[in-house]
Amino acid sequence: SEEDIAVPVGTTLDRFIMRKQEAFPYATGELSQLIRDIALASKIINREINRAGLINIAGMYGTQNIQGEEQQKLDVIADVRFIRALKNGGEVCAIISEEQDKIIDTGNRHGKYVVALDPLDGSSNIDVNVSIGSIFSVYRRVTPVGTVPNETDVLQSGRKQVAAGYVLYGSSTMLVYTTGHGVHGFTYDASLGEFFLSHTEIKIPEKGKIFSYNEGNYDDFSPAIQSYITDCKTRRYSGRYIGSLVADFHRNMLKGGIYLYPPTQKAPNGKLRLLYECYPLAMLIEQAGGMATDGKQPILDIVPTDLHQRTPLYIGSADMVRTVTQGLETEY
Ligand code: AHG
Ligand code: MN
Ligand code: MN
Ligand code: MN
């Protein structure tokens, strides 16, 4: 089975995909091609990000997205690059992106997959040279192959995801993804233009000593959240908040910890988006042995109704997320 094939660290992403593919001879390789297409887009975006200060692609694009956010130039560039790579790759029939009001029909009528995408996460950090990321989630389409895709193809339960992952454009650029058989991390070597396997079977520690949330929202939080945070401080845990969800998530997954984005006055349903931020990270964290809830239920059990719906998010070490969720349950 998948787990039996031990793949040595240092293997390229391509060779990793091929080796893992051997475990599924019936697989026809479309999902593998899709992952390669995402990796290609991330290499191009990585290069743009590294030059943002040098060529005029930092700053505002001058338009707003459906979220009511000022789009950054790199938001739009990343969106275009992913859509083009997935369109040209041929495997994806539809895309829902944070930066697009409606689903994008790629014209690949025979593509079996759809993708939910946060092309650039942590946009407020682009111009100040702090780590940012991209997040993706993959489903099999539900409409018949050969027909025009529609919203039912992307409004699927988080449990239906066939793959989920992110790219972290940090001190090194990493691609981390799962197809439901463990979480694997690849580190990019720009001099070779290749991702190399660097973290196999990532598992998050059951307990952690890092808590991550925007302190500025503290006064909006319910008593249960405020007392959880006070308890973390009493235990002298570390407060770490980068303001890029992908970066905060990745650190917690490797070291143990919890990321909280509770409801606030400004975002009564939470700020983070279900389809292309919370669902993919929830799949990853469960594959890594952690937990993700909205304060009442597992994120992956939320039934999606709107393309850009938001949800509160508590995600990370199982022991920490369980404690917060139980605390909130006593409140309702
Ligand atoms: P995006 O840049 O894709 O819109 O996401 C921003 C998100 C997430 O990256 C980050 O954790 C969070 O917004 C930060 O929100 P606050 O600035 O409200 O803390
Ligand atoms: Mn945004
Ligand atoms: Mn985001
Ligand atoms: Mn974004």
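In listed order, ligands and their atoms are each counted from 1. All values reported here derive from a predicted model rather than from experimental measurement.
For F249 and Y166, the ring centers are positioned less than 6.0 Å apart.
Of all protein N, O or S atoms, those under 2.8 Å from the Mn ion (ligand 2) number 2.
Under the side chain to side chain donor-acceptor pair (under 3.5 Å) criterion, the residue pairs touching residues 81-91 are E48-R81, with sequence neighbours excluded.
Between Y177 and H184, the ring-plane angle classifies as perpendicular under the 30° and 60° cut-offs.
With side-chain heavy atoms closer than 4.5 Å counting as contact, directly or through intermediates, the hydrophobic cluster containing V130 also holds V128, I242. Cluster partners of V142: none. The rule joins Ile, Leu, Val, Met, Phe, Trp and Tyr whenever side-chain heavy atoms lie under 4.5 Å apart, and it links nothing here.
Classification of R322 and E206 as a salt-bridged pair holds, one side-chain N sitting under 4.0 Å from a carboxylate O.
When the N, O or S atoms of E277 are ranked by distance to the Mn ion (ligand 3), OE2 comes first.
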